[in-house]
Amino acid sequence: MNTQHAERPTSPTQAHAPILRVQGLTKRFHPDFPPVVENVGFTVEQGEVFALLGPSGCGKTTTLRLIAGFEQPESGQVWLEGREITRLPAEERGIGFVFQDYALFPHLSVFENVAFGLRRLRGKVRQARVLEVLGLVGLTVFKDRKPGELSGGQQQRVALARAIAPGPKLVLLDEPFSSLDAALRQATRDEVRALLKQAGIGAILVTHDQEEALSFADRLAVMRSGQLEQVGTPEEVYHRPRTPFVAQFLGRTNLIPGEARGLEAETPLGRILLSEEAHGAVLLSLRPEGLGLAMPLGHLGISGKQLEGTVLAREFKGHDMTYRVQLGNRELIVQESPESPFRPGDKVRVLVRAKAVVVGRGQ
């Protein structure tokens, strides 16, 4: 997976208190069932874009609804700008919410949809604020149209405009790009991120799309079965996953058992370098781009010890070539350049090009 994205504006210094602090949030929908959300805690800085990433049913949308005030937690607290809002009604929290289906009123114009959240303002002040926000999202010329006359991306921007019109410090985005086609999704994501940064509004994005979280967020949290597995920048979490689940969920990886001795480990791939010191039985993560393929030594007239496997399949993606390779009783995923010549059935030499990351111990 390509993890490159544009350089992000730096977050505020740690001297500033976070705009949002979530502590120990737990939620059950039935006393006989396990918690949907269990002991979840994280912070969001002023103007930061934070993503909650995980598979369907992991509790990420419920976490968002607890922050918004649509659900009440069994235990835990939610703090906004240093004020506890755990038991406040949703309409008194000062938090914007963009729903998955946008939830626009089909019978109202774009102007009226945005104005709906500004019922406390009157007359020219209200009108000026609506036009200001529509200008921010680039939809002033569409102010008299109904939502059904707009594209999906335009509807998404109307929903965002309605959420930010009251001037919230935080906006919650629940799978906001999932209904857009692939070509429109990337462009809309870029637009929304730029708008949030321009307005200086913090945001939490809920998504199951790994690439979306990696490219959209300043920091992200990977969630599984109601709990947070890891929190960090996209680069940290991708390159240094702490658990097998994080390693596998955030892009493809190869999980390899080994016996660690300091900064090296003996594995089925031979002796490989580790990104951190470890000792004893370990489970290691090696991303596909950390492996490579070459012609077997025998084909080059050279004898010597090597890792020889067989190509099972290849997947051309334009910017790279992904191979499945059988090595003994193990199947590996290897990412090569798009010009790589190997075909299914070819014998290949497997090369280890990167340090492995320890994702489990005592395996």
Side chains of [X] and [Y] in contact at under 4.5 Å (non-hydrogen atoms):
| X | Y | answer |
| --- | --- | --- |
| L136 | Q198 | yes |
| F216 | V192 | yes |
| V114 | K143 | no |
| R126 | R129 | no |
| K60 | H208 | yes |
| K317 | T322 | yes |
| E308 | R349 | no |
| L255 | P244 | yes |

To the nearest 0.5 Å, tell me how far [X] [atom1] sits from [Y] [atom2].
| X | Y | atom1 | atom2 | answer |
| --- | --- | --- | --- | --- |
| E175 | D209 | CD | CG | 8.0 Å |
| L20 | W79 | CG | CH2 | 12.0 Å |
| L170 | Q46 | CG | CD | 9.5 Å |
| R83 | L80 | CZ | CG | 7.0 Å |
| L195 | L160 | CG | CG | 6.0 Å |
| R162 | E112 | CZ | CD | 12.5 Å |

Does [X] use its side chain to pair, donor to acceptor, with the backbone of [Y] at less than 3.5 Å?
| X | Y | answer |
| --- | --- | --- |
| T243 | V359 | no |
| D346 | F342 | no |
| Q210 | F249 | yes |
| Q248 | F245 | no |

Of the non-hydrogen atoms in [X] and [Y], which two are nearest, and what is the gap between them?
| X | Y | answer |
| --- | --- | --- |
| P106 | P147 | O-CD, 3.8 Å |
| A265 | L284 | CB-CD1, 4.1 Å |
| A163 | V171 | CB-CG1, 4.4 Å |
| Q230 | E236 | NE2-O, 4.2 Å |
| A260 | L274 | CB-CD1, 3.9 Å |
| Q155 | L104 | O-CD1, 3.7 Å |

Is it the case that the side chains of [Y] and [X] hold a donor-acceptor pair, with the cut-off being a distance below 3.5 Å and no angle test?
| X | Y | value |
| --- | --- | --- |
| T207 | E212 | yes |
| T61 | D174 | yes |
| R189 | Q186 | yes |
| Y323 | S340 | yes |
| K347 | T310 | yes |
| Q23 | R21 | yes |
| E38 | Q227 | yes |

List the steps, then state whether side-chain contact (heavy atoms from CB on, under 4.5 Å) holds for I201 with K169.
-> CA-CA 6 Å; I201 298 174; K169 300 295 184 183; over 6 Å; no
Residues which pass side chain to side chain contact (heavy atoms under 4.5 Å, CB included) with P73, listed by chain and number, not counting sequence neighbours = L25, L66, T86, R87
Contacts of V110 that satisfy side chain to side chain contact (heavy atoms under 4.5 Å, CB included) - sequence neighbours left out =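 Checked V110 against side chain to side chain contact (heavy atoms under 4.5 Å, CB included); matches are L134, L150, V158.
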Hey, what else clusters with F105 if you join Ile, Leu, Val, Met, Phe, Trp, Tyr whenever side-chain heavy atoms sit under 4.5 Å?
->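 Cluster partners of F105: L108, F116.
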When clusters are formed from ILVMFWY side-chain contacts under 4.5 Å, directly or step by step, what else is grouped with L263?
-> none
Membership question, hydrophobic clusters at under 4.5 Å side-chain separation (ILVMFWY): are [Y] and [X] in the same one?
| X | Y | value |
| --- | --- | --- |
| V222 | V40 | no |
| L205 | V78 | no |
| V137 | L131 | yes |
| I67 | I19 | yes |
| I204 | V98 | no |

Could you check whether [X] pairs with [Y] (Lys NZ or Arg NE/NH1/NH2 to Asp/Glu carboxylate O, under 4.0 Å)?
| X | Y | answer |
| --- | --- | --- |
| E74 | R28 | yes |
| D218 | K197 | yes |
| E229 | R242 | no |
| R252 | E315 | yes |

Should E45 and F50 be marked as a side-chain contact (heavy atoms from CB on, under 4.5 Å) after you check the CA-CA gap, both sets of side-chain angles, and the distance that decides it?
-> CA-CA 9 Å; E45 300 293 326; F50 187 89; over 6 Å; no
Please name the residue in the list L250, N254, I333 that meets the side-chain contact (heavy atoms from CB on, under 4.5 Å) test with R287.
->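 When side-chain contact (heavy atoms from CB on, under 4.5 Å) is applied between R287 and each of L250, N254, I333, only L250 qualifies.
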Using the salt bridge (Lys or Arg N to Asp or Glu O under 4.0 Å) rule, collect all pairs that involve residues 273-284, keeping only residues at least two apart or in two chains.
->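 Residue pairs with at least one partner in residues 273-284: E276-R361.
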Classify the angle between the aromatic ring planes of F99 and F70 as parallel (below 30°), tilted (30 to 60°) or perpendicular (above 60°).
->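 Because their plane-to-plane angle is under 30°, the rings of F99 and F70 count as parallel.
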Let me see the working for F42 and T63 under side-chain contact (heavy atoms from CB on, under 4.5 Å), right down to the final yes or no.
-> CA-CA 11 Å; F42 58 87; T63 301; 4.2 Å; yes
Within residues 255-268 or reaching into it, pairs that qualify as side chain to side chain donor-acceptor pair (under 3.5 Å) - sequence neighbours excluded =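 As it turns out, the side chain to side chain donor-acceptor pair (under 3.5 Å) pairs with a partner in residues 255-268, which skip direct neighbours, are E266-R271.
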Kindly indicate, with the supporting measurements, whether the criterion side-chain contact (heavy atoms from CB on, under 4.5 Å) is fulfilled by L53 and V206.
-> CA-CA 6 Å; L53 172 67; V206 156; over 6 Å; no
Around atom CG of N329, are there more than 12 heavy atoms of other residues, nucleotides or ligands at under 6.0 Å?
-> no
